[in-house]
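Working notes, structure below.
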Amino acid sequence: MDAVSEAESHILIAGGGMVGLSLALLLHEQLPAETRITVVEGRALPASTAPQNDYHPSFDARSTALSYSTATLYRELGLWTSLLPGLAPIDQIHVSRRGRFGSSLLSSAEQGWDALGWVVENPCLGRTLLAAVHACSRVTLRCPDRVTDAVPSGSGVRVRLAEEELEADLLVIADGAESTLREKMGFLTQRKSYGQSALIANLAFEKDHGGCAYERFTATGPLALLPLPPSEQAAHRMALVWTLDPSDAAAMEIAEEATFSRALLDAFGYRLGRVERVGDRHSYPLALTEAVEQVRRGCVVLGNAAHALHPVAGQGFNLALRDAAALSHALANAADTGADAGDTAVLMQYAENRQRDQAQTIAASDGLPAMFMVNDPLLSLGRDLALSGMDMFPLLRREFVQQAAGMAALEARHG
């Protein structure tokens, strides 16, 4: 890479996953033309020469839930049309508890939205983001390569890569929950193990999901089924995220398809009829990981490196996107006033502005599973009444959906 001139600002993003690439696009859109952006990713990424909209859903593709606020950001970046082939809208969300009377139905029509959210297949999202980054003249993608260390240097940081060093005004650490760079630089983290595992798989059901997502609280934890677009192999596809004891998750991962299907229907019920096909199953341990410190002079921790959440309600990626949008907005304001991208005051203000949304989202993701697992008769009745009350009071439902969709944070950014 050519040396960065004194007139230029240089932002380096360590991590070329969905969060890192999204941030690069936001920065390219909002920062001055003299700003250069480098994305460093340890994996070899494709050149992405195929048309962005040439995507065909695959039965076993991994997927991510996009909130309304995240969809709004991608629309603003001009990516929505390219994402459409891999999207399934969530028109309704049915929330219930196994063996109890309480339930609630959340609807996009009540909000006046075209959907409450969308489920996108990761290959479609990754391909679209990568193609958009390749089209950005001021974004350089270095892969496979990795950031091994960073030290203060003047008003910025000197970043060590595998075979060379670069000067940057700001380093963004976005290389995942197990970030070695975050640990190398001494950012303290706190980790809370849930003592559970998430079992994930794509399924095909007998009946059409009709755009409805299901969040069912069971004795072992939440069970989520999210709508997926049809593929050539199956029409009524859904993505499963099932919280289980680690031993049960391991057993279900390798169980015969008939055994797995019976256990799933026992926990979920027969709203969608029989399970007609079961895709590859994978499980991973669940934990809440938070960076105690997210900013310092010339450095920001972002995405799962900053906070990796319980998958209940699918809030982790969407929270990270709201952080990325707020960071790009803060850096654009700093550029307007002549402040450096790595200025401590700028980054501390960003962190302060994000505290409330992060705290509320993390508390909800952390507290909901535990609340529904406590086996107390009075608490059980209260939970049932709360779910039923959500159905009875439209204002309460609308407020809940607005918060979960991240709209307050989005409106604050535009305001």
Side-chain angles (χ1 to χ4, degrees), residues 1-6 8-28 31 34-49 62 122-123 125-127 129-189 284 289 291 293-308 320 323-324 327-328 331 340-342 347:
M1 173 180 290
D2 297 334
V4 178
S5 70
E6 293 183 1
E8 291 178 325
S9 174
H10 184 202
I11 298 174
L12 191 145
I13 303 168
M18 296 188 298
V19 173
L21 293 178
S22 297
L23 175 63
L25 294 172
L26 287 164
L27 295 175
H28 185 271
L31 296 188
E34 59 269 21
T35 304
R36 294 180 65 180
I37 303 153
T38 299
V39 181
V40 180
E41 169 55 42
R43 299 167 299 156
L45 298 176
S48 190
T49 55
R62 295 282 298 274
N122 287 4
L125 178 55
R127 183 175 183 162
L129 293 172
L130 191 58
V133 164
H134 279 302
C136 294
S137 59
R138 291 185 289 114
V139 179
T140 300
L141 183 60
R142 299 180 61 117
C143 66
D145 205 342
R146 62 189 182 92
V147 178
T148 60
D149 200 2
V151 295
S153 176
S155 60
V157 289
R158 177 171 288 271
V159 179
R160 296 192 180 106
L161 275 62
E163 296 183 355
E164 66 174 303
E165 295 186 349
L166 298 175
E167 295 286 342
D169 297 276
L170 177 65
L171 168 66
V172 180
I173 300 174
D175 55 349
E178 305 301 324
S179 171
T180 55
L181 180 59
R182 178 194 62 202
E183 305 305 315
K184 177 81 172 178
M185 295 187 65
F187 282 91
L188 297 178
T189 60
Y284 61 93
T289 304
E293 172 193 19
Q294 292 186 21
V295 301
R296 64 172 62 156
R297 172 73 186 180
C299 194
V300 176
V301 183
L302 196 72
N304 280 346
H307 35 65
D323 289 344
L327 178 60
S328 61
L331 296 178
D340 293 333
L347 300 181

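Source: prediction; values computed, not measured. Atoms considered below: every heavy atom in the structure, side chains included; atoms not considered: hydrogens, waters and symmetry mates.
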Would you say that L45 contacts L130 through its side chain, given a criterion of any heavy-atom pair below 4.5 Å between the two side chains?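 In contact.
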Spell out, as yes or no, whether a donor-acceptor pair under 3.5 Å connects the side chain of [X] to the backbone of [Y].
X    : Y    : value
R182 : A177 : yes
D169 : H10  : yes
R297 : S155 : yes

My understanding is that only residues two or more places apart in sequence, or in another chain, count here; which of them pass side-chain hydrogen bond (donor to acceptor under 3.5 Å, both in side chains) with E183?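 With neighbours one apart ignored, the set is empty.
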Residues in side-chain hydrogen bond (donor to acceptor under 3.5 Å, both in side chains) with T148, at least two apart?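 T148: no side-chain hydrogen bond (donor to acceptor under 3.5 Å, both in side chains) contacts found.
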Where do A320 and G303 come nearest, in terms of heavy atoms and distance?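 Taking A320 first and G303 second, the nearest heavy atoms are CB-CA, 3.7 Å.
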Please report the shortest heavy-atom distance between P144 and A44, naming the atom on each side.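 That would be CB-N, 4.0 Å.
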Contacts of type side-chain contact (heavy atoms from CB on, under 4.5 Å), residue T180, not counting sequence neighbours: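 None.
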Listed partners of D175 passing salt bridge (Lys or Arg N to Asp or Glu O under 4.0 Å), at least two apart: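 With sequence neighbours excluded, D175 shows a salt bridge (Lys or Arg N to Asp or Glu O under 4.0 Å) to no residue whatsoever.
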Of all residues at least two apart in sequence or in a different chain, which pass the salt bridge (Lys or Arg N to Asp or Glu O under 4.0 Å) check with R146?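 R146 satisfies salt bridge (Lys or Arg N to Asp or Glu O under 4.0 Å) with no residue once adjacent residues are dropped.
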Once you round to the nearest 0.5 Å, how far does CD1 of I37 lie from CG of L23?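 Taking CD1 in I37 and CG in L23, the distance rounds to 8.0 Å.
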Scan residues 149-161 for pairs that pass salt bridge (charged side-chain N to carboxylate O under 4.0 Å, His left out), counting only residues two or more places apart or in two chains.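 For residues 149-161: D149-R160, R158-E165, R158-E167, R160-E165.
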